K.L.:
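A single structure is presented below for examination.
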Amino acid sequence: MSAGLRFRQALANARPLQIIGTMNAYFAKMAEQTGAQALYLSGAGVANASYGLPDLGMTSMNDVLIDAGRITSATDVPLLVDIDTGWGGAFNIARTIKEFEKAGVAAVHMEDQVAQKRCGHRPNKAVVSTEEMVDRIKAAVDARTDDNFVIMARTDAVAVEGLDAGIERAQAYLEAGADMIFAEALTELDQYTRFREAVKAPILANMTEFGKTELFSTTQLADAGADMVLYPLSTFRAANKAGLEVMQALLNDGHQRAVVDKMQTRAELYQFLGYHDFENKLDQLFSEGK
Ligand SMILES: C[C@](O)(C(=O)O)[C@H](CC(=O)O)C(=O)O
Ligand SMILES: [Mg+2]
């Protein structure tokens with residue numbers, strides 16, 4: 001079963017589908033074994049974690065592709081990847097789609113911001129014309145080889161042009177061939193309902209913390225009509241805070257005794273890696289022929 005089809009099946013089996021941000025292959029393995037049905041690679045996460053950069057359109061296709069491939073190699077859970085604006089014109093976007101499909105990615109979301117993009121929850125965003133975004137989507141849809149590979153159109157227009165304009169854009173994006181809609185930075189629960197009623201396609205709600213959107217529950221979002229709920233950076237933010245506390249303790253106290261309980265144990269680490277199965281295999285290989 002293709003990755004795209006697995007994503008579509010996960011969506012059919014869960015309303016809403018929770019999509020868990022995983023910053024690396026190990027986090028993806030933890031999410032898989034904790035029951036996640038869909039994973040996410042955040043554009044901000046790649047910029048921040050892998051390159052120490054802000055989420056301002058400074059990473060390239062290959063930067064994100066490397067991290068995506070690491071996750072798809074480590075798990076079978078379908079992965080949604082943030083491809084920002086697709087990284088260029090029609091031919092660049094086509095290349096992006098082909099490369100991510102080949103890397104085993106299930107779904108991508110591409111947004112209607114200008115190339116010099118910003119985080120969806122920051123001020124002073126600018127969007128391209130509807131026509132330009134429609135061209136981006138047509139290029140993406142034309143480039144996929146698996147019809148089940150999911151092309152999700154993200155609109156950042158609500159914060160710039162208002163709800164009605166965002167909905168109109170979403171309708172045009174679906175007509176151009178997009179499969180699903182990422183309605184970015186909505187401020188009220190009933191805005192999801194307005195979107196869902198108008199567009200007749202699965203809608204994603206972004207529950208990123210410390211942004212413009214209140215942290216609604218899955219029940220609230222399902223009642224409002226959202227089909228997917230995204231937690232792009234939740235695990236990253238938590239890991240960062242724990243990591244910082246450990247660094248401070250090491251440097252201030254000269255030991256880690258006060259923070260050991262913030263750490264995953266060696267046994268827990270090994271469990272998610274299947275370490276002992278590998279070790280047994282190694283023992284078996286070496287004992288053969290003796
Ligand atoms: C979803 C997002 O595009 C991401 O890159 O993870 C960001 C998340 C964030 O910065 O909180 C966005 O919403 O723009
Ligand atoms: Mg992003």
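First listed ligand is number 1; within each ligand, the first listed atom is number 1. One is the number of the first residue; the rest follow in order along the sequence. Model, not experiment: these values are computed from the prediction.
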K.L.:
Take the Mg ion (ligand 2) and tell me which protein N, O or S atoms are nearer than 2.8 Å.
P.N.:
Asp82 OD2
K.L.:
What residue and atom, counting heavy atoms only, is the protein's closest point to atom 7 (C) of ligand 1, and at what distance?
P.N.:
Asp55 OD2, 4.3 Å
K.L.:
Classify the angle between the aromatic ring planes of Phe182 and His109 as parallel (below 30°), tilted (30 to 60°) or perpendicular (above 60°).
P.N.:
perpendicular
K.L.:
Answer yes when Arg169 and Glu161 have at least one side-chain N-carboxylate O distance shorter than 4.0 Å, and no when they do not.
P.N.:
yes
K.L.:
Under 3.5 Å, N or O to N or O, is Glu209 touching ligand 1 that way?
P.N.:
no
K.L.:
Let me know which of Asp76, Ile71, Thr22, Leu39 forms a side chain to side chain contact (heavy atoms under 4.5 Å, CB included) with Glu32.
P.N.:
Asp76
K.L.:
Considering only NZ, NE, NH1 and NH2 on the basic side and carboxylate oxygens on the acidic side, decide whether Arg8 and Asp179 come within less than 4.0 Å.
P.N.:
yes
K.L.:
Going by an N to O cut-off under 4.0 Å, is there a salt bridge joining Asp164 and Arg194?
P.N.:
yes
K.L.:
Can you list the ligand 1 atoms lying under 4.0 Å from a non-hydrogen atom of Thr208?
P.N.:
8 (C), 9 (C), 11 (O)
K.L.:
Would Tyr231 and Ile19 count as a side chain to side chain contact (heavy atoms under 4.5 Å, CB included) if you check the C-alpha gap in whole Å, the side-chain angles of each, and the deciding distance to 0.1 Å?
P.N.:
CA-CA 6 Å; Tyr231 311 94; Ile19 308 175; 5.9 Å; no
K.L.:
Pick from Val77, Asn148, Leu17: which one makes a side chain to side chain contact (heavy atoms under 4.5 Å, CB included) with Phe7?
P.N.:
Leu17
K.L.:
Going by distance only, is there an N or O of Gly120 that falls short of 3.5 Å from an N or O of ligand 1?
P.N.:
yes
K.L.:
How far is atom 10 (O) of ligand 1 from the closest protein heavy atom, and which atom is that?
P.N.:
Cys119 SG, 3.1 Å
K.L.:
Please check whether Ala44 reaches ligand 1 - meaning an N/O of the residue sits under 3.5 Å from an N/O of the ligand, judged on distance alone.
P.N.:
yes
K.L.:
Please state which option from His121, Met207, Glu111, Arg154 has its nearest heavy atom closest to atom 3 (O) of ligand 1.
P.N.:
Arg154
K.L.:
Aromatic rings Tyr270 and Tyr275: how do their planes relate, parallel, tilted or perpendicular, breaks at 30° and 60°?
P.N.:
parallel
K.L.:
Identify the protein heavy atom lying closest to atom 12 (C) of ligand 1, giving its residue, its atom name and the separation to 0.1 Å.
P.N.:
Glu184 OE2, 3.2 Å
K.L.:
For ligand 1 and Gly43, I'd like to know whether there is a polar contact (N/O to N/O, distance under 3.5 Å).
P.N.:
yes
K.L.:
Does even one non-hydrogen atom of Tyr40 get within less than 4.0 Å of ligand 1?
P.N.:
yes
K.L.:
Report the part of Arg237 in contact with ligand 1, treating N, CA, C, O as backbone and CB onward as side chain, heavy atoms under 4.0 Å; options are side chain, backbone, both, neither.
P.N.:
side chain
K.L.:
Give the residue and atom name of whichever protein heavy atom lies nearest to atom 6 (O) of ligand 1, and the separation in Å to one decimal.
P.N.:
Ser42 OG, 2.6 Å
K.L.:
Is the closest basic N to carboxylate O distance between Arg118 and Asp55 below 4.0 Å?
P.N.:
no
K.L.:
Looking at Lys117 and Asp156, is any side-chain nitrogen of the basic one under 4.0 Å from a carboxylate oxygen of the acidic one?
P.N.:
no
K.L.:
Measuring from atom CD of Glu184 to atom CG of Asn206, what distance do you get when rounded to the nearest 0.5 angstrom?
P.N.:
4.5 Å
K.L.:
Can you name the nearest heavy-atom pair linking Ala176 to Val141, along with the distance?
P.N.:
O-CG2, 4.3 Å
